[in-house]
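Single-structure report; data block below.
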2 protein chains.
Amino acid sequence: MSVTIKDVAILANVAPSTVSRVIANNPRISEKTKVRVRQAMADLGYHPNIIARSLANKSTKAIGLVMPSSTDKVFQNPFFPEIIRGISGGAHEKKYSIHMSTGQEEEEIFEAVTHMVGGRLVDGIVLLYSRLDDPVQNYLKNNKFPFIVVGKPHKYEQQITYVDNDNYTASKDATEYLIKNGHQLIAFVGGDPNLVVTADRLLGYQDALKESNLPYHQEYVVHEEFLREGGKEAVNELFSLANPPTALVVTDDVMAFGVLNTLDQMGLVVPDDVSVFSFNNVLLSEISRPPLSSVDINIYRLGYEAAKNLIQKIENPDEPAKRIIIPHELIVRQSIRKK
Amino acid sequence: MSVTIKDVAILANVAPSTVSRVIANNPRISEKTKVRVRQAMADLGYHPNIIARSLANKSTKAIGLVMPSSTDKVFQNPFFPEIIRGISGGAHEKKYSIHMSTGQEEEEIFEAVTHMVGGRLVDGIVLLYSRLDDPVQNYLKNNKFPFIVVGKPHKYEQQITYVDNDNYTASKDATEYLIKNGHQLIAFVGGDPNLVVTADRLLGYQDALKESNLPYHQEYVVHEEFLREGGKEAVNELFSLANPPTALVVTDDVMAFGVLNTLDQMGLVVPDDVSVFSFNNVLLSEISRPPLSSVDINIYRLGYEAAKNLIQKIENPDEPAKRIIIPHELIVRQSIRKK
DNA sequence: TTGTATGCGTTATCAC
DNA sequence: GTGATAACGCATACAA
């Protein structure tokens, strides 16, 4: 059924090894035979068997994608499709293919990773999340298997290659923008406080206030889940304060979208009554009512660089750990009342 | 470095073939040696090399995912993450892994497919789109390679296995719901008219009108792109008619969201002035303002069944082509003014 | 019940 | 320049 290198060899009247060399475009093969062999390949509709090649090469030219557990929830966030798109782009350029991990529960994911790594299905791994004491991360580190994490690692920051934004500065920039536009009562609506992103962005917010000599109030900081209902409770809390904020820094567009809805229900008008600055700049922020000001963290490039640098590490194993910071940009839309 | 079946064999004092049989849990091996071999595997931290196994087996236990071209745009639609989630779930249950195609342009995609198929990287393929005269589909058909398409194939419907909704009935149901609630002037906002989904839904809409003896007006049917700006022009067209519609059937939530925004800008209130029924029931429809009535097409299950049935076909090659119809459900929310 | 030998389709190391 | 030949790690038909 399927045509192999041997069939080609017979038809072209050469040895299998010669065919292999032609495929690799080995310079030691004469043009004549190259032409002849290529013709034979075309005639037979030959395609190299990647599996066999991988076995001989001990390299699969594939990278593994590991999603956070509870992908069900997380996939609702447009962040993931977009970063996968970036990874796909980076991988494609280097002619690597992509293997996705399946599995929802934490244990299943770990299993999927050992399957990919131990089974030598992939040459490296992209971790799409960064958790405290992550067994997957430990496993990869212990096995010295090439991997890169998207986001800042909690531990061993110096020893792990990762791509991230400067979330501290990004948040500081956004907060300062609000301050410059006359806001003094600025609240912070963060996601899971155990996430490094949240912590980084909170710090940026705090420092922005500090540097502008604005007071920092504990009650102005609330944490909610990333998704849909997320904003609701946060907003309720904040606007039942004696001195409700006039502006909000929200760490995720989807959450900000929820905030927008809740404010609307409360009869508060954005941006007249309250201004909102959020993060990620996904499609949603553009088409929301009103369009959201959002920090563009360049998700695509985050993924693209992740793939690129992982592959670099795969092909150059003793390269030291790197840190890649993707620039951000403030995208100002109608959700902010300007001075 | 990496421990193989031979190392285990030596440690356990058996032949490599015995180890192989233990892995496969071959009943002809005595419990004693099984235990001993398993112990050796554990001691050495053995993990089977999937690549080698695939080569010997001529089966990779992996399925390939092929996205439509211009994934950049398409990935903005929450439909894709969700269906991938379903596929992932179905594959996981059968212990299959997932290989993603990279590449954006049509030609790159075709190349990626021949790479996966010819390179024997996967045992079967899920096509996440259905196009007219698709070279990929022809290639797979000609090579008799197992594949399944999500959506209805344009040609050879009888010979190709696919999962789809009953889009005709779904659209008819939605339209009838509007009619039952007193709407007589109902417009249809469709996506790309070359897509079979669009055609099916248009037909359902038309027949619903017909069966209720409502007139069908050509001007009430507009087609727009699936994304963001999508709704705008459509709505402008419709509401500059002499007799503007009081209800809209929109074939995609994201587009409906755009419609909502445009209506808002025009000062039209949903549902008081105009009612909207859309499709897909993605998160967006739930959190929009007002929440959208949407036909839940059960995207997850679409993906789940795609994976399940593809794998069934892989493991049972001469099974005839099947058609799997996923049930839909009308989810009524505030976007409809009821009688 | 277990071991031996061979093949899966390549690549790579020798030779010539 | 090109051709044998031995890996790569596993599965399996055939022996024993």
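First the proteins, then the strands, lettered A, B, ... as listed; each starts at 1. Remember, it's a predicted structure, so these values are computed and weren't measured experimentally.
- Both B:K32 and B:N57 lie close to DNA chain C; mapped to their nearest nucleotides by heavy-atom distance, the more 5′-ward contact belongs to B:K32.
- Positionally, the nearest nucleotide of DNA chain D for A:L55 lies more toward the 5' end than for the other of A:L55 and B:A24.
- Using a 4.0 Å heavy-atom criterion, one finds that B:P16 contacts no nucleic acid atom at all.
- Comparing atom distances between the A:A15 side chain and each of D:dA4, C:dC14, C:dG3 picks out D:dA4 as nearest.
- For A:I5 and D:dA4, the CD1 to C1' distance is 14 Å, given to the nearest whole Å.
- Distance from the side chain of A:K58 is smallest for D:dC8 among the nucleotides D:dA13, D:dT12, D:dC8.
- A sub-4.0 Å separation between OP1 or OP2 of C:dG3 and a side-chain N or O of B:T18 is present.
- Side-chain atoms of B:L127 and B:V136, non-hydrogen and from C-beta on, do get closer than 4.5 Å to each other.
- Proximity note for B:A52 (side chain, C-beta onward) versus D:dG9, C:dG3, C:dT13: the nearest is D:dG9.
- Counting any heavy atom pair closer than 4.0 Å across all strands shown, B:N26 reaches no nucleic acid atom.
- Contact annotation: A:T33 side-chain N/O to D:dT2 OP1/OP2 distance is under 4.0 Å.
- In this structure, the CD1 atom of A:I10 is 13 Å from the P atom of C:dG9, given to the nearest Å.
- Between A:S30 and D:dT2 there is a side-chain polar atom (N or O) within less than 4.0 angstrom of OP1 or OP2.
- Counting distance only, with no hydrogens placed and no angle test, the side-chain atoms of B:S17 and the base atoms of D:dA11 include no donor-acceptor pair under 3.5 Å.
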| said: The test is side-chain contact (heavy atoms from CB on, under 4.5 Å); show your working for A:I324 and A:Y162 and say whether it passes. | reply: CA-CA 6 Å; A:I324 299 102; A:Y162 66 94; over 6 Å; no
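- With salt bridges taken as basic N to acidic carboxylate O contacts below 4.0 Å, none links A:K308 and A:E305.
- Closest to the side chain of A:T4, out of C:dG9, C:dT11, C:dT4, is C:dG9.
- One cannot find a donor-acceptor pair under 3.5 Å joining the base of D:dT12 and the side-chain atoms of B:R28.
- Phosphate contact (OP1/OP2 of D:dA11, side-chain N/O of B:R53, threshold under 4.0 Å): present.
- At the phosphate of D:dA11, OP1 or OP2 sits under 4.0 Å from a side-chain N or O atom of B:S20.
- Following rounding to the nearest Å, B:R120 (CZ) and C:dG7 (P) show an atom-to-atom distance of 19 Å.
- Looking at B:E315 and B:K94, no side-chain N of the basic residue comes within less than 4.0 Å of a carboxylate O on the acidic one, giving no salt bridge.
- Distance, A:K6 NZ to D:dG3 P: 15 Å, rounded to whole Å.
- The distance between atom CZ of A:R21 and atom C1' of C:dT11, rounded to the nearest whole Å, is 10 Å.
- Rounded to whole Å, the distance from CG on A:N49 to P on D:dC8 is 18 Å.
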| task | Could you give me the CA-CA distance, side-chain angles and deciding distance for A:R120 and A:T60, then say whether side-chain hydrogen bond (donor to acceptor under 3.5 Å, both in side chains) is met? | result | CA-CA 8 Å; A:R120 255 123 312 200; A:T60 60; over 6 Å; no
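- Side-chain contact between A:R53 and A:N49: absent, with no pair of heavy atoms (C-beta onward) separated by less than 4.5 Å.
- As rounded to whole Å, 15 Å separates atom C1' of C:dG9 from atom CE of A:M41.
- Within 4.0 Å of A:V14, counting heavy atoms only, lie sugar-phosphate atoms of the nucleic acid but no base atom.
- Taking 4.0 angstrom as the limit, B:K34 places none of its side-chain polar atoms (N or O) nearer than this to OP1 or OP2 of C:dT1.
- Counting to the nearest Å, the P atom of D:dT12 and the CG atom of B:N25 are 14 Å from each other.
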